[in-house]
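Here's the structure, in structure tokens; my notes come after.
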Amino acid sequence: MGSIRRKRASPSPQPPRQGIGSKRGLPPGTPVFLGEQKMPLPRLELFAYGPQGLRQQAEASLDDCRAMRRPGSVGWLNVNGIHDIARIEAIADSFALHPMTLEDILNTYQRPKCEEFTDYVFIALKMLDFDEDAQRVETEHVSIVLGTDYVISFLEDEGDVFDGIRERIRLGSGRLRQMGADYLAYCLMDTIVDHYFLAVERIGDRVEVFDERMLSDPREDDIHAIHRFKQQVLALRKASWPMREVTGELHNSDSPLLHEETRVYWRDLHDHTLQVIDMVETTRDILASLHDTYLSSLSNRMNEVMKVLTIIATIFIPLTFIAGVYGMNFENMPELKWREGYRAVWLVMVVVAVSLFAFFRKRRWI
Amino acid sequence: MGSIRRKRASPSPQPPRQGIGSKRGLPPGTPVFLGEQKMPLPRLELFAYGPQGLRQQAEASLDDCRAMRRPGSVGWLNVNGIHDIARIEAIADSFALHPMTLEDILNTYQRPKCEEFTDYVFIALKMLDFDEDAQRVETEHVSIVLGTDYVISFLEDEGDVFDGIRERIRLGSGRLRQMGADYLAYCLMDTIVDHYFLAVERIGDRVEVFDERMLSDPREDDIHAIHRFKQQVLALRKASWPMREVTGELHNSDSPLLHEETRVYWRDLHDHTLQVIDMVETTRDILASLHDTYLSSLSNRMNEVMKVLTIIATIFIPLTFIAGVYGMNFENMPELKWREGYRAVWLVMVVVAVSLFAFFRKRRWI
Amino acid sequence: MGSIRRKRASPSPQPPRQGIGSKRGLPPGTPVFLGEQKMPLPRLELFAYGPQGLRQQAEASLDDCRAMRRPGSVGWLNVNGIHDIARIEAIADSFALHPMTLEDILNTYQRPKCEEFTDYVFIALKMLDFDEDAQRVETEHVSIVLGTDYVISFLEDEGDVFDGIRERIRLGSGRLRQMGADYLAYCLMDTIVDHYFLAVERIGDRVEVFDERMLSDPREDDIHAIHRFKQQVLALRKASWPMREVTGELHNSDSPLLHEETRVYWRDLHDHTLQVIDMVETTRDILASLHDTYLSSLSNRMNEVMKVLTIIATIFIPLTFIAGVYGMNFENMPELKWREGYRAVWLVMVVVAVSLFAFFRKRRWI
Amino acid sequence: MGSIRRKRASPSPQPPRQGIGSKRGLPPGTPVFLGEQKMPLPRLELFAYGPQGLRQQAEASLDDCRAMRRPGSVGWLNVNGIHDIARIEAIADSFALHPMTLEDILNTYQRPKCEEFTDYVFIALKMLDFDEDAQRVETEHVSIVLGTDYVISFLEDEGDVFDGIRERIRLGSGRLRQMGADYLAYCLMDTIVDHYFLAVERIGDRVEVFDERMLSDPREDDIHAIHRFKQQVLALRKASWPMREVTGELHNSDSPLLHEETRVYWRDLHDHTLQVIDMVETTRDILASLHDTYLSSLSNRMNEVMKVLTIIATIFIPLTFIAGVYGMNFENMPELKWREGYRAVWLVMVVVAVSLFAFFRKRRWI
Amino acid sequence: MGSIRRKRASPSPQPPRQGIGSKRGLPPGTPVFLGEQKMPLPRLELFAYGPQGLRQQAEASLDDCRAMRRPGSVGWLNVNGIHDIARIEAIADSFALHPMTLEDILNTYQRPKCEEFTDYVFIALKMLDFDEDAQRVETEHVSIVLGTDYVISFLEDEGDVFDGIRERIRLGSGRLRQMGADYLAYCLMDTIVDHYFLAVERIGDRVEVFDERMLSDPREDDIHAIHRFKQQVLALRKASWPMREVTGELHNSDSPLLHEETRVYWRDLHDHTLQVIDMVETTRDILASLHDTYLSSLSNRMNEVMKVLTIIATIFIPLTFIAGVYGMNFENMPELKWREGYRAVWLVMVVVAVSLFAFFRKRRWI
């Protein structure tokens, strides 16, 4: 709806969109891809790392994925592109994912949520991106599966969002290589939430600029801008409010997959989500106030227009009447024959005009 | 109220509607049909299936129903048409349903709810359908009774909504034939919630089209369209908010009728309901913003009209006055005798008109 | 306030109303009647019934009341009229009611509530009635005291609201004679809540009729109707929201006075109350949307009026100016002497008028 | 802010107001008087009573206060005037009050709250008074300290609010003399809450009168009245919402100072507070609806004014144009020489006027 | 956004602002300073005190800090300026702070929160300051670390906000020197919350003045003032609502670092925060009501302007028409030759004018 569009892959011809309603009638757990295909073929990227070593494959096969789990190391399988059902299904089989999890991975309309299974925790998220050109918030569906010693992330498209994490794994600096799979999952989510800040800040900055401009120079189509801003904020709200539940659940979870030592990180993530929501709500309130201000500026303009009309009309209508009176053709009109009649009429007219002018001055209309 | 109409059976003559208030004064638990009769005679459809076999009857008798419960198999009794009190009462007796349950089955105004009894779980639902022609959301009352080894579903009318489930039972593919009665109940509800998505999406799409059109070309009666949309969204809200409680209760229930292995499905159903509500609320917020935009466009139009009037009037009123002055019939008006008087007056008029024009330009009215 | 008036007894001369603030300064628990006296003398109606027998007295004395409690039978004392403090006090003494209960029975402004004492449960309710003539929701204060083997109901006025229950007790059909005092209390409350449905439905129907009419033919004083509807909905809300707490408490209560077997009935009652609230809130939202629509129709009308004025004025003002120019009396005005001058002016005028007409057509004002 | 003024002592010269921000920088628990001094000197009033006897002192010394606590009797120290820090501090010392309690007693801006200490319960309240002349809700800060066998009440000013309680203690009638200190504290609070009803009712009555008048005869400055009403309702809300927490806490408290037998009274008090809030919120909703109605009546008026202007202008502008045409001075205007020209023009004018009149009739403007 | 600016250090050249989005891609716990540098170099201020003695250093080195912790004394390290990452990191190392804590100290956009670690409690706050000149609420990020026997406070800038506490430590009067580190932390927070009152009061006072002025003399740009006020209130809300959670958590915490004897202080602090929120919300509601009033005053003005126009136009337009009729040049106009024709026309005109005047009087327009 409106500006809550989903990211599009530019070059490929648009395959027919699969709406969320098109799943109707299929048995639950049937793997169906719902959304738009954004890249030609899925790409599997593999990392297996521990404090000591690192194995990395930019284009992994399914067999590589199966071999990734080894004691003492953490495996990260990053899947770019989720429209190839067969492939995703094969991955799900390898890691014994529940059919419902598979369904949620493939459904790009899936609401952010967190589900604990016996062997893994499944997290569905939205990645936000503010498209400067189209002035739209674009969302991408991201799924994260956290097992005992592995993390699988599913993205709709190729992207550079996880570049920082790739770098950190490669360099081996910092905490990442020392810690378990749950820390990796946290890092992925933290990166995504950091993107939320960016989107909120950009919209907030634009609203601020708009606010300044509108107060000093309101324009008629400002309401359209406000409407667009509101839709963008709606998109942000829709993504961030359920996110709060997700991070809250992770923070309070007692799953054995989430270790005590990462708890402080989940808490921090939850905290960041709350801050995103704070910022979104503040922006929303500012927009509401801006809308009120806009409406008032419309009324003020109307008042101004009406005043000009009223002043001009009210001054000249009586004068025109006086002129009309002495334009009558009665034979017996004594004033017309007075020597000073013409000047006297002018005098009367000036007096009337000045009086009306004074009246408007008193009412502060001029 | 408004567009929250209930589905009507087209061919049969309209029997008098029984309003919810007409039950007043009757003892609680009295079986009374409240609603509109939508089909001539109720039809009982019977399925009895297990991993091995399947028995199916499109038109079952009451005795068939009683014989349906056999060890190792799941029975599904689908009742189409609920206005024949005697018949429904006989079914209720066969399965030892509580009188209050019978009352709720017959009351098509019943709010969605979930009640656990010792022997069965009773679920009342609303099926939603968006009628494209009438542009109305239509609701149908659905009741589901889940026993240890049977499910009874009551629909107001014949319908193809459960065709997918019939097919799956027949084919024996998928999980359905392997699992218990609770999974069947889940499948029925999942099908109904999938219909919610469809209704919300259709309204959402219409709102989006309307939004685009209204911003570029607002019309005076757009407010009526917005009012109708709001009523439709109200109907969706009324059906989906109580649904959330129902699915939440089923998800968290510790009834022995709901097995541990189906819990993940109930959770998913709850999740879908939440998503429906998210979509409904987003649509609602967009409508609110559209309404604001509409009001502003009205004000803008008024401003535009007023400006045209003001410009024309303000320019010509002084000119007409000047013309009026020299239309006076005073005998002693020296200007009238000047050779260039007429041209001078034209000059004055042009100067006045241009000045006023420049004034409006400066104020950005033109 | 506004339409939230209390029912009046028509024939008797109006005794001075005792406002809720007039109790100020009195010790708590002092029996004071707060409200309007609605009938000349209180009437005590007595029923004592069991599975086997029934004793009934239309006009009971206090001694009858005291004798009503017998093992194996349920006693129902229905008190019509509560302004006679001495009498009510005597009843309260007979049944050992707490002074605070007595105070609440006499205070017709008492908010709906449910209080458990050691020997009895006290329930304060509002009965709703929609007065078709005055177009007002009228409330009546009802108190119910539920003991181990008796129920006492206090009404402000004589009324036929409990006729159905009287009938059921007399006939001995149905469950009522078989069950305990708590079931009777439930029946009384169920009857009252059924009246809520009626009131909500009537207002809802009127709003629907009004909605249809207003959209097709808005009138200036529609806002007054909307304001009156809003006040009626406020009265409904004020009565039904606290009712939700009452029924919720009864449903979840673990008082020994409420038996396990009636629990399903209390749950159903709670459910009905929720549905009443749903309907009230839907009506409220429709009214809000109607109000918005009304405001827009006002603006649209104004636009229409302005357009007519603008079109007429804008077309004729320039023409009048032209006529004015050639009405000037300059001696040297060459056009006046042209043979075709007059026709030429007409031509100019027609061209100007047509151009302006085309301009308005283009702007879609005509 | 606005009408939420604090009561002023009329005769004494106004000492500088101590704002709540002026405490900044002082150590917590420092006894500072914040507010306006309302009476010259504090007065200590003492009651010591039991089932048997009563001792009473209208002007007690500090030593009297210390001697007030005796076994088997309840002491009530009523302090009128709290600006004399030294005196209040001495009292606090005598009863071993915590420094924070002292600070709260002296701070007239203190929010209503209830705090349990080991030896006593501290309750801060607001007394409400509706000043008929100034049309303002005035609040007074009241503190109550409830010990095992004593109650201390601190008021800002002398007042007759507790006269009823004084009377009851003196007469020895009713429950008061038989019961403990907690019952006395309840009586004090009950008296205060009864004043809330009075204030809410008075404002409610005024709103009702205003409502009736505004609907039949709206005036331009009604918006100011609505604004003032809103501020008064805000003041009521500000006092009553935190009061709900206070009474709720007292009702649910398990402090040994609150005996089981007074629990029903606290519950009743809580109930009254809820009712006050109900009434305040209803008044608020009525005001919101009134404001909408007011805005609509403004628009309606504007419409009416515009219609009159439009009708007059639209009828006469074409006629004036016609008159203008035949006022032109062309030499060759054949119509001017027609014998019936003048009558024909009048006919045309009448036809035009009647047509326009019919047009307005059809549009229902006249 | 808008008036929610952060405090700026005036003399130093503005270093580039580090937005909250600029942290994106960095590993969690990386110490990055986010905000504006407000002073050239951080200053470390050290207090170590006990009941007996006091050691104080205005400019402490890191070694001093390490040596500060001694048995029987409380250490307070006040850090002014947090942009020097290396220095802050060194302090964090000395006190074994968690990397996430360090990150939160450096992030001036951090939302108020309270986190318990095993060795310390971390509290993030916002200090509020109302800048009279810029009419803006300015916020400063404050972090407090409470250990067993030390408190570290981090401020963005030098400031006199803690001068009162410094004084109390120096004088040794009051409770401060006798109590533990948690009491010091409480004192710091209490000082900050006292500043909130000041900011809210100042805005409230301005709103009150504005309210009075606007009601008596509304101006066109008042809407801008209201918009600015709303933004200031938004800033206050943003700071105070999360503060409520912080103080609530501290009040209810069972951390061994928070002693039982300071519990009453935390409760009081929580109470103050609630009061701040009450005041903010009241101000907000008053602003909403003011905005409504402003809009109405706009409409009223428009009505007034329209009335003047309508009265003048409606009176003179018919008169001008009459004059126009007798200005026509028909040869055969009998009235023109009547001796009293001219006076008769004047009479007609006066009658018309008086009638219209009476009409307007009747409608109460004049």
Side-chain angles (χ1 to χ4, degrees), chain A residues 1-2 4 19-21 23-30 98-100 103-104 109-111 113 115 117 220 223-224 226-227 230-231 234 238 242 291 294-295 298-299 301-302 304-306 308-309 312-313 316-317 319-320 323-324 326-329 333 335-342 345 349, chain B residues 163-165 168 173-176 186-187 190-191 194-195 197-198 201-202 204-205 207-208 211 215 264-265 267-268 271 274-275 278 282-283 285-286 289-290 292-293 295-297 299-300 302-304 306-307 309-310 313-314 317-318 320-321 324-325 327-334 363 365:
Chain A
M1 290 150 219
I4 317 169
I20 194 172
K23 216 188 65 176
R24 185 172 45 114
L26 289 176
T30 316
H98 195 278
M100 299 309 275
E103 193 186 322
D104 289 341
Y109 299 96
Q110 177 58 46
R111 198 174 172 268
K113 74 170 172 183
E115 281 188 357
F117 291 82
E220 292 211 341
I223 186 66
H224 292 191
I226 292 173
H227 183 57
K230 278 187 183 169
Q231 285 185 323
L234 268 181
K238 209 180 163 184
H291 180 254
Y294 171 77
L295 281 182
L298 278 191
S299 286
R301 275 191 174 216
M302 178 78 99
E304 206 190 345
V305 171
M306 290 308 303
V308 168
L309 174 62
I312 296 286
F316 282 100
I317 282 176
L319 303 188
T320 303
Y326 295 104
M328 290 193 295
N329 297 322
M333 283 176 72
E335 297 98 320
L336 295 180
K337 283 148 196 156
W338 294 354
R339 236 186 76 195
E340 298 301 316
Y342 181 50
V345 160
M349 284 177 179
Chain B
D163 275 0
I165 293 170
R168 274 192 270 155
S173 67
R175 229 165 280 119
L176 187 48
Y186 155 71
C187 288
D190 190 52
T191 305
D194 277 354
H195 264 78
F197 279 111
L198 216 73
E201 265 188 351
R202 279 202 196 151
D205 287 350
V207 167
E208 193 172 344
D211 178 344
L215 286 187
V264 61
Y265 296 103
R267 188 166 61 181
D268 197 70
D271 197 70
L274 293 181
Q275 187 159 0
D278 267 20
T282 303
T283 308
D285 285 351
I286 289 177
S289 173
L290 266 180
D292 290 345
T293 308
L295 281 182
S296 308
S297 81
S299 287
N300 273 325
M302 178 77 99
N303 264 339
E304 207 190 344
M306 291 308 303
K307 270 188 208 166
L309 175 61
T310 303
T314 310
I317 283 177
T320 303
F321 163 68
V325 165
M328 291 194 293
N329 297 322
F330 285 99
E331 293 191 345
N332 180 18
M333 283 175 74
R363 293 218 166 185
W365 291 5

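Every chain is numbered from 1 and lettered A, B, ... according to where its sequence line falls, protein lines coming before strand lines. No experiment lies behind these values; they were computed from the predicted model shown.
Annotation: side-chain contact (heavy atoms from CB on, under 4.5 Å) contacts of Leu215(B) (sequence neighbours excluded): His224(A), His227(A), Arg228(A), Asp211(B), Thr293(B). Residues satisfying the ring pair (Phe, Tyr, Trp, His ring centres under 6.0 Å) test with Tyr186(B), not counting sequence neighbours, are Tyr183(B), Tyr265(B), Trp266(B).
Using a 4.5 Å cut-off between heavy atoms, Leu290(B) contacts chain A through both its backbone and its side chain. Contact annotation for Lys337(A): both backbone and side-chain heavy atoms come within less than 4.5 Å of a heavy atom of chain B. For Asn329(A), the parts lying near chain B are the backbone and the side chain together; criterion is any non-hydrogen pair under 4.5 Å. Contact annotation for Val207(B): neither backbone nor side-chain heavy atoms come within less than 4.5 Å of a heavy atom of chain A. At a 4.5 Å heavy-atom cutoff, Leu295(B) makes no contact with chain A through either its backbone or its side chain. Contact annotation for Met306(A): only side-chain heavy atoms (C-beta onward) come within less than 4.5 Å of a heavy atom of chain B.
Looking only at heavy-atom pairs under 4.5 Å with chain B, the residue among Ile226(A), Ile317(A), Leu319(A) that has the most is Leu319(A). Of the listed residues (Glu304(A), Met328(A), Arg111(A)), the greatest number of heavy-atom pairs within a distance under 4.5 Å of chain B belongs to Arg111(A). Counting heavy-atom pairs closer than 4.5 Å to chain A, the top-ranked of the candidates Val264(B), Asp163(B), Thr320(B) is Val264(B). Per-residue heavy-atom pair counts under 4.5 Å with chain B were compared for Glu115(A), Arg339(A), His291(A), Arg301(A), and the maximum is reached by Glu115(A).
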Requested in this report: Please step through side chain to side chain contact (heavy atoms under 4.5 Å, CB included) for the pair Asp268(B) and Asp104(A), ending with a clear verdict.
Outcome: CA-CA 9 Å; Asp268(B) 197 70; Asp104(A) 289 341; 3.6 Å; yes

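Both tests hold for Arg267(B) against Phe117(A): distance to the six-membered ring centre under 6.0 Å, angle to the ring axis within 45°.
From Ser296(B), atom OG reaches atom CD1 of Ile223(A) across 3.5 Å, with rounding to the nearest 0.5 Å. For the atom pair NZ (Lys238(A)) and CG (Asp285(B)), the distance works out to 10.5 Å, reported to the nearest 0.5 Å. Atoms NZ and OG1, on Lys307(B) and Thr314(B) in that order, are 13.0 Å from each other to the nearest 0.5 Å.
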